[in-house]
Colleague: 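Submitted below is the structure of interest, expressed as structure tokens.
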Amino acid sequence: MTKKFNFDVTATDGRARTGVISTPRGEIRTPAFMPVGTAATVKAMLPESVRATGADILLGNTYHLMLRPTAERIARLGGLHRFMNWDRPILTDSGGFQVMSLAGLRKLTEEGVTFKSHIDGSRHALTPERSMEIQALLGSDIVMAFDECTPFPSDEATARRSMELSMRWARRSREAFGDRPGHALFGIQQGSVYRDQRQESADKLREIGFDGYAIGGLAVGEGQATMFEVLEYAPAMLPEDRPRYLMGVGKPDDIVGAVERGIDMMDCVLPSRSGRTGQAFTRFGVVNIRNARHQDDPRPLDEHCTCPACRNYSRAYLHHVNRAQEIIASMLLTWHNLHYFQELMQGLRDAIAEGRLAAFVSDFHARRAEGDI
Ligand SMILES: Nc1nc2c(CCNCC3CCCC3)c3[nH]c(NCCc4ccccc4)nc3cc2c(=O)[nH]1
């Protein structure tokens with residue numbers, strides 16, 4: 001059992017690479033997709049089911065957990081791993097992104113952000129120091145620096161001010177994090193869609209020194225084409241011997257394009273959130289199980305899929321329980337979607353390891369062009 005945090009690149013294919021992140025709580029195979037467990041649960045899934053889909057790591061959230069049940073309570077109860085019965089690695093986001101997208105009455109200063117809880121209206125403050133304290137109380141293995149996700153679109157001057165604030169917060173995060181063997185602190189690059197600012201941000205983070213580097217400020221409405229334009233140059237600005245984490249991404253074709261451009265880690269609520277709305281991801285595209293055309297269909301969602309939903313249930317059944325708003329509908333579609341996302345990651349890891357990523361990607365796109373699913 002390794003006591004420290006390590007990243008080894010094991011194969012490359014173009015800019016893409018496979019690797020292993022070693023942590024005291026287990027290994028993470030990269031490129032990795034990380035399911036989101038916002039309020040100490042991956043919604044509609046038991047932890048053992050999340051593991052069964054192939055996940056090596058899941059995400060927790062400083063913003064949600066500081067409000068309810070509070071980080072201090074979770075610490076008193078033995079930390080987040082014990083609390084949610086997940087003994088493998090956990091990465092926690094630093095909370096700033098969620099404050100800006102969820103909280104009310106926000107006030108942003110050099111110190112940090114103050115805001116009103118979206119749950120009970122109580123007032124709270126998040127600073128780099130408080131974010132580090134909360135993530136330490138939770139016991140997360142990979143801690144994110146406290147940053148501001150620059151809104152899109154932003155003009156160059158606004159983006160620069162935001163990036164420079166995040167870089168000052170990155171240094172405060174590093175200093176507050178201290179020296180915690182076996183735990184990692186990741187810096188987050190900002191700079192919106194401006195190449196010079198992305199470079200300055202990367203240089204600043206490298207100077208401060210982090211165990212991994214995230215690309216922030218994307219998947220915020222810029223669209224896939226613009227995101228890929230930034231990913232043509234941003235990953236290579238970050239140290240190549242450290243994990244590169246693209247935050248909040250994404251749809252399957254976003255994931256494939258990001259991996260091709262050198263990304264090692266991604267997270268997104270999409271597979272779980274859309275599972276609850278009846279959207280199923282398959283190799284042929286998205287199936288909306290609520291559509292009436294499924295009500296007599298005896299076939300599984302995807303006959304090649306080995307998840308419990310596809311092995312044991314028909315589209316007709318999934319249609320029925322979704323329309324009836326039965327709890328099992330969320331369970332089965334969430335499980336299927338997380339299974340599909342992890343299978344996609346395994347396919348990408350195998351293709352990179354065998355030097356056939358280009359073929360995998362063209363096959364991935366060709367399948368999705370196929371007609372009715
Ligand atoms: N610190 C930080 N976090 C970011 C996040 C949150 C990543 N998931 C955190 C999890 C921890 C728990 C909750 C989430 C992002 N998420 C997105 N896009 C999501 C877009 C999306 C939204 C809804 C559905 C699908 C996609 N861009 C992001 C940029 C940043 C960023 O710069 N800084």
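Quick caveat, the model's predicted, so the values are computed rather than measured. All ligand and atom numbering here is 1-based and tracks the order in the structure. All values below come from the heavy atoms of this structure, side chains included, with hydrogens, waters and symmetry mates left out.
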Colleague: Minimum heavy-atom separation for S94 and A145, please, with both atom names.
Modeller: OG-O, 2.7 Å
Colleague: Is there a donor in the side chain of T334 and an acceptor in the side chain of H336, or the other way round, less than 3.5 Å apart?
Modeller: no
Colleague: Can a side-chain donor-acceptor contact be found between D141 and H81 if the only test is distance below 3.5 angstrom?
Modeller: yes
Colleague: Who's touching ligand 1 if we go heavy atoms under 4.0 Å?
Modeller: V36, T38, L59, G60, N61, D93, S94, F97, Q98, D147, C149, I188, Q190, G216, G217, L218, A219, V220, M247, G248, D267, C268, V269, R273
Colleague: Judged by modelled atom types alone, do Q135 and S131 share a side-chain donor-acceptor pair under 3.5 Å?
Modeller: yes
Colleague: When you compare the side chains of Y245 and D267, does any donor N or O come within less than 3.5 Å of an acceptor on the partner?
Modeller: yes
Colleague: Taking atom types as modelled and ignoring hydrogens, do the side chains of T306 and H339 form a donor-acceptor contact shorter than 3.5 angstrom?
Modeller: yes
